[in-house]
Every structure is written in structure tokens, then in C-alpha cells.
Amino acid sequence: MCLYKMSRFGNLFTRLFIITALAFLLPILAYAWDVPSETLSYDVMYKWGLINKKAGTVIIRTTPEPGGEFRAFLTGSTAKWADRFYTVRDTLSGRIAKGTFLPSYYEKAAHEGGDYEHNILRYKRSGNTTTADVTVARKRKKDSAIRRETKTHSATGTTIDMLSSFYFMRKLDYARMKKGETVSVNVFSGKQKERLTIHYEGIEEIEVNKKKYKCFHITFTFTSKNGKKTSDNMDAWISMTPGKIPLLLEGKLPVGKVRCFYSGTIH
């Protein structure tokens with residue numbers, strides 16, 4: 001697998017967990033859902049023609065806490081064979097409000113292909129405006145020292161990040177949405193502010209671990225402030241069961257694609 005393709009793989013590794021923030025823009029679709037204490041595991045598969053090889057693992061852990069917030073943690077790592085081409089060791093953590101599912105804190109530590117980056121976002125909200133104070137520490141493989149910078153992101157409307165969005169979609173009643181409906185929200189990262197547009201594709205049946213499930217299918221895209229796409233379209237298939245667990249997530253690479261399959265709940 002070429003280095004360029006694997007660098008795209010590293011980017012998709014965490015982006016595949018950006019699903020939706022529709023609950024705040026379509027309140028009629030929301031229903032009561034309490035954040036459970038759970039640990040979900042995903043197998044990351046590289047698919048190209050007849051090749052279908054496990055390329056890594058993602059684990060997402062949710063820990064409710066006293067008060068108005070819960071903690072969320074995501075770890076992602078490539079398999080040993082993929083490490084020879086492009087190593088990924090990512091950790092995301094955050095604090096998220098139980099009632100609104102909006103984040104107050106987001107942190108990402110990424111080791112990807114010999115590069116290191118550490119981002120921290122602290123959120124403030126005033127009315128319909130969200131501001132994030134951002135600190136970034138970055139060291140490319142060729143650099144001799146860590147470079148540090150601070151910046152501020154600001155946006156009007158619902159604003160999420162790479163981790164908190166995983167929970168928003170489980171607050172929705174997709175059965176009451178119309179096929180083809182689209183919604184746009186803001187997404188903050190350490191690098192930039194983006195616009196996420198979600199397309200509801202309807203109900204489809206998929207097979208995961210030799211079992212068939214009926215799922216809600218969503219396609220989503222990212223664009224920059226000037227409307228230019230910052231990544232290819234991605235897809236998610238979400239279980240129709242009350243837990244609304246994403247069972248399959250998929251993103252394209254220059255050659256082949258990456259597919260994340262739900263592999264179970266760790267107790």
C-alpha cells in the first residue's frame with residue numbers, strides 16, 4: 001500500500017466516526033436517550049478488489065459522570081502489517097453535555113506516519129455562537145522540534161467535533177425523516193472549521209459478522225469555508241434497534257476503501 005494512500009487512511013481512521021448532529025437542527029426528530037456506560041469495538045478493514053484485510057482497530061468508551069456531562073474516549077491503531085507502511089496511534093477524549101450533547105472540551109493526540117500532533121479545544125457558547133480556544137502542538141517527521149500555536153474558531157449554529165458527533169445520531173428518530181433530506185452543521189478540529197452536510201438515504205439491509213441487519217443509511221460530506229470539499233463522501237449504516245449503534249462506516253481511498261465494522265461491546 002503506497003504512502004500517499006496510507007496517509008489518506010490515517011485521516012479516514014477518525015473521520016469515519018463523524019456521523020450527524022441533526023438532533024439540534026431537527027428537534028422534532030429527537031427522543032429521550034440516556035448515555036450508557038459502554039465500550040464499543042470496531043474492526044477497520046482495507047478493501048480493494050478481492051483483498052479484504054484487517055488494517056486496524058477502533059475502541060470507543062463512554063463513562064457517565066455525576067453532574068451535567070459525560071466523558072468519551074476513542075483509541076485507534078493500525079495492525080502490525082499496516083504499521084510497516086503507515087503507523088496510526090490516535091487517542092481522542094472529550095467532555096460532552098448529557099442534555100444537549102454539545103462538547104465543552106476536546107483533545108486529540110495523533111501519531112501518524114512518524115508525525116505527531118496534539119490538539120486541545122475548549123468551548124464557549126453565547127446564544128447561537130460557539131467559540132473554541134485551540135492549542136496545537138505539531139512535529140513532523142522531518143522537524144527537529146515541536147511547533148506550537150494558538151488560534152480561535154467561531155461559528156454560528158450547532159457546532160460539534162470529531163468525538164461528540166458520534167453520540168448525536170443516537171438521539172434521533174430516523175424513521176420520521178424523509179429520504180433525501182439534508183442538514184448542515186459546523187465541525188471544529190485543531191486544524192480548521194468545516195461544514196458537515198448529512199444526506200439521509202433511507203433504510204437498507206446490510207450484513208455484519210454473518211448477520212443481516214436493517215439500518216438507517218447516511219451519507220455525509222465535509223467542505224471548507226469556501227465550499228470546497230475537504231474529503232470524499234463517507235457513509236454510515238446505523239442500527240434500527242433502540243441502541244442505534246453504527247454497525248458499518250465506509251470511506252474511499254485513492255485505491256480501495258476503508259470499512260469499519262462493529263465487532264461487539266466489551267464488558
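Numbers here are sequence positions counted from 1. Basis for what follows: all heavy atoms, side chains included, without hydrogens, waters or symmetry-related copies.
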Do you know the tightest heavy-atom contact between [X] and [Y]?
X    : Y    : result
K178 : Y200 : O-CD2, 3.4 Å
A155 : K193 : CB-CD, 3.8 Å
P103 : T159 : CD-O, 3.9 Å
A72  : L163 : O-CD2, 3.4 Å
M234 : G251 : CG-CA, 4.4 Å
E207 : F261 : O-CE2, 4.2 Å

Same cluster (ILVMFWY, side-chain, under 4.5 Å), [X] and [Y]:
X    : Y    : answer
L196 : M177 : yes
V44  : F73  : no
I245 : L249 : yes
V58  : V208 : yes

Are any of the side-chain heavy atoms of [X] and [Y] separated by less than 4.5 Å?
X    : Y    : result
L247 : C215 : yes
T150 : D133 : no
H111 : T87  : no
Y213 : M240 : no
L40  : F166 : yes
V258 : E250 : no
T130 : L102 : no

Using a 3.5 Å distance criterion without hydrogens, assess whether the side chain of [X] forms a donor-acceptor pair with backbone atoms of [Y].
X    : Y    : answer
K98  : F70  : no
T182 : G180 : no
N186 : T158 : yes
K47  : G49  : yes
K179 : I203 : no

Heavy-atom neighbours of K124 NZ exceed 12 at 6.0 Å: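 No, because the 6.0 Å sphere around NZ of K124 holds 12 heavy atoms or fewer from other groups.
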
NZ/K229: more than 12 non-hydrogen atoms of other groups inside 6.0 Å: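 Atom NZ in K229 is packed in, count exceeds 12.
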
Verdict with reasoning, N233 to K252, per side-chain contact (heavy atoms from CB on, under 4.5 Å): CA-CA 8 Å; N233 291 0; K252 296 179 181 178; over 6 Å; no

Check against side-chain hydrogen bond (donor to acceptor under 3.5 Å, both in side chains), H118 and E107: CA-CA 7 Å; H118 185 198; E107 182 174 359; 2.6 Å; yes

Y46 and W48 aromatic ring geometry - parallel, tilted or perpendicular at 30°/60° bounds: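 Rings of W48 and Y46: tilted, as their planes differ by 30° to 60°.
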
Working for side-chain contact (heavy atoms from CB on, under 4.5 Å), residues T57 and S41: CA-CA 7 Å; T57 302; S41 178; 4.2 Å; yes

Spatial distance of atom [atom1] ([X]) from atom [atom2] ([Y]) [nearest 0.5 Å]:
X    : Y    : atom1 : atom2 : value
E38  : I266 : CD    : CD1   : 11.0 Å
E181 : I218 : CD    : CD1   : 11.0 Å
T75  : I59  : OG1   : CD1   : 4.5 Å
D43  : R259 : CG    : CZ    : 12.5 Å
M45  : N52  : CE    : CG    : 4.0 Å
I60  : Y262 : CD1   : OH    : 11.0 Å

side-chain contact (heavy atoms from CB on, under 4.5 Å) assessment of T78 paired with Y86: CA-CA 8 Å; T78 42; Y86 193 89; 5.9 Å; no

S184 versus T197, side-chain donor and acceptor atoms under 3.5 Å: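 Distance-only check passes for T197 and S184.
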
Any side-chain donor near an acceptor of the partner, D235 and T219, under 3.5 Å: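 There is such a pair (donor and acceptor under 3.5 Å, judged by atom type) between the side chains of D235 and T219.
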
Side chain to side chain donor-acceptor pair (under 3.5 Å) partner of D161, chosen from Y123, Y105, Y106: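 Considering Y123, Y105, Y106, a side chain to side chain donor-acceptor pair (under 3.5 Å) with D161 is found only for Y123.
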
Candidates E204, E205, H199, E201 - the one meeting side chain to side chain donor-acceptor pair (under 3.5 Å) with H217: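 Checked E204, E205, H199, E201 against H217; only one passes side chain to side chain donor-acceptor pair (under 3.5 Å): E204.
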
Matching residue for E117 among R140, R148, K191 - test: salt bridge (Lys or Arg N to Asp or Glu O under 4.0 Å):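 With E117 as partner, R140, R148, K191 yield a single salt bridge (Lys or Arg N to Asp or Glu O under 4.0 Å), made by R140.
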
Intermediate values then yes/no, side-chain contact (heavy atoms from CB on, under 4.5 Å), R95 and R71: CA-CA 5 Å; R95 294 194 298 269; R71 298 291 301 274; 3.3 Å; yes

Residue among T135, V134, V136 satisfying side chain to side chain contact (heavy atoms under 4.5 Å, CB included) with L121: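 The option that passes is V134.
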
